[in-house]
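I have placed the structure first, in the form of structure tokens, so that the comments after it can refer back to it.
Quick note on labels: first sequence line is chain A, next is B, and so on, each numbered from 1. Bear in mind that the values here come from a model prediction, so they are computed numbers and not experimental data.
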Amino acid sequence: MKRAFSVKVGPMAFRVGSAWADPVAALERLYAGYPKPEDGIPDFTVRLEPEKPWRRWLRPSVAIRGDYMLPGAVPVSLAHGLLAAEMAMNLQVAMGERRFLLLHASSVERDGKVLLMTGESGSGKSTLSALLGEKGWRFMGDEFALIEPETGLAFPFPRPVSLKNEAVAEMQRHVAAERFGPELLGTPKGDLRHLAPPQSAIAGMDVPGRPALLLFPKFGLPRDVRPVQESEVFVRLTQASTNYTALGERGFEALTALVKAVPARAIDYPDTATALDLVESLWSDLA
Amino acid sequence: MRDARILAWVLADPARSAQLKPHQWTAMLTIAQAERLLGSLAHRLAGLPVPEAAARVLERARLSAEADRRQALWEAEMARRALAPLGLPVILLKGTAYAAAGMEAGQGRMIGDLDILVPRDRLDDAEAALLAAGWEWVKPDPYDDAYYRQHMHELPPLIHKGRDRMIDVHHTILPLTARQRPDAAALIADAVDLGNGLAVLSPEDMVIHAAAHLLADGDLSGGLRNLWDIDRMLREFGEAEGFWTRLLERSRKHGLTLHVSRALRLCHHVFETPVDRYLAWQGRRGDLFYVGRLLARNGWGQETAKLLRQAFYIRSHWIRMPPALLAQHLFTKWRKGYQPIR
């Protein structure tokens, strides 16, 4: 591969090879504060390659390849090379991870206890976790929560936050400009910009916490809080997990233990101020 | 890293891993993943000191292989239940057979589809029983369906609608259009009953099937894994009294002596497998092309030797079909706008 980049994020390390210089330069800027893989050995390999040999120069398009590949994955324009790298890294984890139960959820920590937020794209879970990370919580990740089946602990996976559309402007009000990645306009996922997490998140990337509260946020509705039954939480989390089936009995045990131990609430919110207020009040009710 | 030799070198003797530098570990693990040999490698390296980062990768592969194995054996049991009313023994082939028989070749192996063998005159019954038990067709194209039924060694693949698992029902081990005609009745007659309604081929037939699958059917994609299966079997069965003589006689019976002989030489070359000199000496031309193709992958997991790969791809069609049928097949596929997925 022409250029290569490697990084350690929480309990796993990545190696990204690229046929072009630009995506690697963007990764180096965005992951400037992160450590390198210990022993120099990555957990997962990602390759950003031209979809066909001539697509290296001619209307360059990036095919997402690596240890794990999705047949029929659509190539991305080279202008969105950073997005391709991020998607490819996520794909490796989603398809390859077996030690942890993966939940498609964001997570933040305070006093050793972890708040998990899960929901569909557009629910606001990424933005909420990023905001809380600026307001006294430790940001643990906006994409995957890693639950260790043997202990029930949640492990951090603090990758840069992928902010979409209006969320970019929202976060720019709270965070200095140098922590933002390049503007990626008109991607298949909309207008997108990455945000490097605070230094505290990177420094604490090896420190797990115990899940204490699970929220299902929904943006764009009047303020409301509802309890969610255990059975529904269970089903929604099986859908939010990319490797629940692959883990077999370990996955089932881990998920049922989590559902029984952690209270769950659905919260609706019309704006972020309301969401933050809801989170703080539900959190203080726990004590 | 120029090719996959480093992986073969460590698989053959895991203690060699102590000499690996970090970039060699990285290359080996990546190649093993791409060749679907990571679980086998994890099994071979179990108990040896490895760098912490490599241990994580191997642990994932071990967990994954364990899940594969459990699911494969369950799927075999499901097929047994579906076919039991017909009085048919379920003869397992390939990965599931190795796992069910507790063979070394099954240790850490990734297992995909379920492959079984039934007598050709019971094929219709087996098909009906599987359809009744929830398996469904996945080849909706009438040409493909007809092609399978006329020319192939198996039914068109079926997928179970509830479990989303594929079954390949074979009635012999090579396409009917291949130049060789293995004796399917003998394969079935000499199958070994496992005592739980499942059976596997005899040791010699298992080796011959793996060799035929590797060298007389297909373009050697995933060939390194198939060759590793053969290495494991030769080492496991090779000590038994009279094994090599039986293997030679059996290969002749199936008309596959040259394929078995080449498989033995390739095993010896790539994995240092001890093999019978006499049987391995039959027709030696072109081995280096095969070795080159089997190892054609670099330390980033990328396919290398594009021309050689292309040549073996073309060969795979040539050996499976007589020229007239091949021409007709290619014409039909071309008219449908089919492009091979590379």
Side-chain angles (χ1 to χ4, degrees), chain A residues 1-4 6 8 10-19 35-53 63 65-69 71-72 88 92-93 95-102 146 148-150 155 206 243-252, chain B residues 1 17 20-39 41-42 45 49-74 108 110-111 162-165 297-304 306 339 341-342:
Chain A
M1 306 277 347
K2 187 178 174 203
R3 295 288 307 276
S6 64
K8 177 113 195 279
M12 38 194 123
F14 299 86
R15 158 173 84 142
V16 181
S18 170
K36 293 290 166 194
E38 81 264 50
D39 309 329
I41 302 172
D43 291 67
F44 297 111
T45 290
V46 159
R47 304 195 312 261
L48 306 178
E49 299 174 330
E51 189 210 355
K52 294 269 190 287
R65 303 204 174 120
D67 290 337
Y68 295 87
M69 293 185 260
Q92 303 313 309
V93 178
M95 293 179 72
E97 180 51 49
R98 292 291 183 277
R99 298 183 311 144
F100 297 100
L101 176 70
L102 288 174
L146 313 173
E148 187 174 60
E150 290 70 26
F155 277 72
D206 293 324
N243 69 352
Y244 169 72
T245 320
L247 260 56
E249 193 179 354
R250 275 173 74 235
F252 177 77
Chain B
M1 209 56 55
S17 62
L20 296 181
K21 298 188 173 60
H23 73 277
Q24 292 172 312
W25 270 105
T26 302
M28 177 177 72
L29 295 171
T30 307
I31 294 167
Q33 168 66 30
E35 294 290 344
R36 297 174 59 75
L37 275 165
L38 197 54
L41 182 65
L45 290 172
V50 303
E52 198 186 315
R56 290 200 305 263
V57 177
L58 296 168
E59 173 67 2
R60 265 186 217 105
R62 193 187 64 74
L63 290 167
S64 177
E66 201 179 284
D68 272 15
R69 176 191 156 80
R70 190 180 304 121
Q71 198 161 22
L73 294 178
W74 178 245
M110 315 260 166
I111 306 174
R163 297 187 305 277
D164 198 29
R165 300 284 292 180
R297 200 175 287 279
N298 67 20
W300 277 93
Q302 291 169 304
E303 298 179 345
T304 57
K306 288 276 147 62
Q339 286 191 321
I341 302 159
R342 304 317 325 275

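- Using a 4.5 Å cut-off between heavy atoms, B/E52 contacts chain A through both its backbone and its side chain.
- In this structure, chain A has no heavy atom under 4.5 Å from any part of B/L38.
- One finds the CD atom of B/Q302 at 4.5 Å from the CD atom of A/E49 (value rounded to the nearest 0.5 Å).
- The candidate from B/R70, B/Q33, B/Q71 with the greatest count of non-hydrogen atom pairs under 4.5 Å with chain A is B/Q33.
- Relative ring orientation between A/F155 and A/F100 is described as tilted, the plane-to-plane angle lying within the 30° to 60° band.
- Residue A/R99 touches chain B through both its backbone and its side chain, counting heavy-atom pairs closer than 4.5 Å.
- We find that A/R250 and A/E150 are joined by a salt bridge, their nearest charged nitrogen and carboxylate oxygen being less than 4.0 Å apart.
- To the nearest 0.5 angstrom, B/D68 atom CG is 11.5 Å from B/L63 atom CG.
- Of the atoms belonging to A/P11, it is backbone heavy atoms, and not side-chain ones, that fall under 4.5 Å from chain B.
- With a 4.5 Å cut-off on side-chain heavy atoms, A/M12 and B/R60 count as touching.
- With a 4.5 angstrom heavy-atom cutoff, A/M69 does not touch chain B via any of its atoms.
- B/A34 does not touch chain A: none of its heavy atoms, backbone or side chain, sits under 4.5 Å away.
- We find that B/E66 and B/R69 are not joined by a salt bridge, their nearest charged nitrogen and carboxylate oxygen being 4.0 Å or further apart.
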